[in-house]
2 protein chains.
Amino acid sequence: MFSVPTRTQYGIRALVHLAMSEARSSTSAEIAKAQSISPKYLEGILGQLKNSGLVLSERGAHGGYRLAREPEAIRMLEVVEALEGEVKPVGCLEDSVHCDFDVGCLPRRFWSGLKETIDEYFASKTLKDVIET
Amino acid sequence: MFSVPTRTQYGIRALVHLAMSEARSSTSAEIAKAQSISPKYLEGILGQLKNSGLVLSERGAHGGYRLAREPEAIRMLEVVEALEGEVKPVGCLEDSVHCDFDVGCLPRRFWSGLKETIDEYFASKTLKDVIET
DNA sequence: GTTATTCCTATCGGAATGCTAGGAATATAG
DNA sequence: CTATATTCCTAGCATTCCGATAGGAATAAC
C-alpha cells in the first residue's frame, strides 16, 4: 500500500544525480543511463521538474539540465507535488466535497491527519538531506 | 497522490458503523445501505476483515457482523494492513532487493523514513479515535 | 548545415481498481 | 422440512491508471 509511482522515484533519483554533478549540467540521456531509467520516459519527468521551476534546462548541443537552486533549498514536498500533485488520501478532503453519510463522515479527520503527517515529513526534508545519508 | 483505495475507505466506514451499533450485529446489506456502499463489494471487504480477525460473523437468518474487540483495542494499522497489506512506498525497501545504481540508492533512507512516519501514524490511532473525531 | 539536445504530442500494452453475478453453505423460523 | 435470510466463495468485466515508447519539431553549438 501507498506505493510511490516510478515517476516520483525516478524524478528524485534524477535530482540526486544533478545535485551530485555539481555545477556542470547533465543531459537527459546521461542521467537515464547512470540511473537505469528509460530515456524517453525520463525526458518527460525532467520536463515536469523544469515546468515546476526545480531544474533549469538549455536546449541544443551542449544543453542539459541543472538544479535551479542549491540542494538545501529544495524541499522534498515541492518535488513530490511537482511530480504527482498534492498529497490527498481521500477525495472528500476537498472543501467543495461534502460527505453526508449517516455517521457524518467521521473518518474525515483521520484522513486529514494522515495527509498532514505525510506533508510534514516531506516538508521537513530537503534534497540535501536525501543525498547526505 | 497517495490516494487511499475505496476498499480501505469502505472498510473503515464499515468498522465505524459496527462500532456505533454497539452490541447488536449488523448485516452487510444494512451497512451498505447506511454507508452508500455497493452491497456486493462490501461483502468481500467484510470477508477480509473477518479473516483478519477484526470482526466476527454469524451466518444464516439473523446473522451479521460485529466487532471482535472494543474499538479502543483496534489499532488502525491493523485495519489498513488487513485491507491493503503492508505500507511499502517503494519495492527496494525489502531486504531481499538490492539497489546498485551509481549513486548507491541514496533515496532509500528517505523512503524508509516515510514508511516509518506513516506506520507510526496508523499505529497511534485506534478505531475509537476515529469515531471520537 | 550537421549534429546534439530539449520539447511536444500521441499511442499502447498490461496491471490494478472497483464493481457485478451467480450461486453454495448455513442458520433461523414457522 | 420448507422457506427465508444471511454469509461465503469464485469468476468475470469495464474502466482507469501506469509505465513506457515513438516520432518528430524546435533550438542551439560548432
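Computed from a predicted model, the values in this text were never measured in an experiment. Quick note on labels: first sequence line is chain A, next is B, and so on, each numbered from 1.
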CG (A:Leu15) and CG (B:Leu106) are apart, to the nearest 0.5 Å, by 12.5 Å
Looking across every strand, which nucleic acid part, if any, lies under 4.0 Å from B:Gly64 by heavy atom: base, sugar-phosphate, or nothing?
sugar-phosphate
A:Glu43 CD to D:dG23 C1', in whole Å, measures 11 Å
Residue pairs passing the ring pair (Phe, Tyr, Trp, His ring centres under 6.0 Å) test with at least one member in residues 113-133 of chain A, sequence neighbours excluded, are A:Tyr121-B:Phe110, A:Phe122-B:Phe110
B:Lys40 atom NZ is separated from D:dA5 atom P, nearest whole Å, by 15 Å
What residues 52-61 of chain B contributes to the DNA chain D interface at heavy-atom separation below 4.0 Å is B:Ser57, B:Glu58, B:Arg59, B:Gly60, B:Ala61
Problem - Main-chain N/O of A:Val87 paired to A:Lys115 side chain as donor or acceptor, under 3.5 Å - result: yes
Rounded to whole Å, the CZ-P distance (B:Phe2 to D:dC17) equals 18 Å
Contacts of A:Pro5 meeting side chain to side chain contact (heavy atoms under 4.5 Å, CB included) (sequence neighbours excluded), chain-then-number -> A:Arg7, A:Thr8, A:Glu84, B:Met1
Contacts table for residues 61-76 of chain A: side-chain donor-acceptor under 3.5 angstrom, sequence neighbours left out:
residue	atom	partner	partner atom	Å
A:Arg69	NH1	A:Ala73	O	2.8
A:Arg69	NH1	A:Glu78	OE1	3.1
A:Arg69	NH2	A:Glu78	OE2	2.8

When B:Ser26 and A:Tyr41 are each assigned the nearest nucleotide of DNA chain D, the 5'-most assignment goes to B:Ser26
Span of DNA chain C engaged by chain B, first through last nucleotide within the 4.0 Å heavy-atom cut-off, is C:dG18 to C:dT28
Between CD of B:Glu30 and P of D:dT6 the distance, given in whole Å, is 9 Å
Taken to the nearest whole Å, CD1/A:Ile45 to C1'/D:dA20 is 10 Å
So the salt bridge (Lys or Arg N to Asp or Glu O under 4.0 Å) pairs with at least one residue in residues 45-57 of chain A (sequence neighbours excluded) are none
The side chain to side chain contact (heavy atoms under 4.5 Å, CB included) partners of A:Glu132 (sequence neighbours excluded) come to A:Lys128
note: A:Leu83, atom CG; D:dC17, atom P; distance rounded to Å ~ 18 Å
When rounded to whole Å, the CG to P distance for the pair A:Leu42 and D:dC18 reads 18 Å
* Under 4.0 Å between a side-chain N or O of A:Thr6 and OP1 or OP2 of D:dG19? -> yes
So the ring pair (Phe, Tyr, Trp, His ring centres under 6.0 Å) pairs with at least one residue in residues 27-55 of chain B (sequence neighbours excluded) are B:Tyr10-B:Tyr41
Side chain to side chain donor-acceptor pair (under 3.5 Å) filter on B:Glu58, not counting sequence neighbours, yields none
Here the distance between atom C1' of D:dA5 and atom OH of B:Tyr65, to the nearest Å, is 13 Å
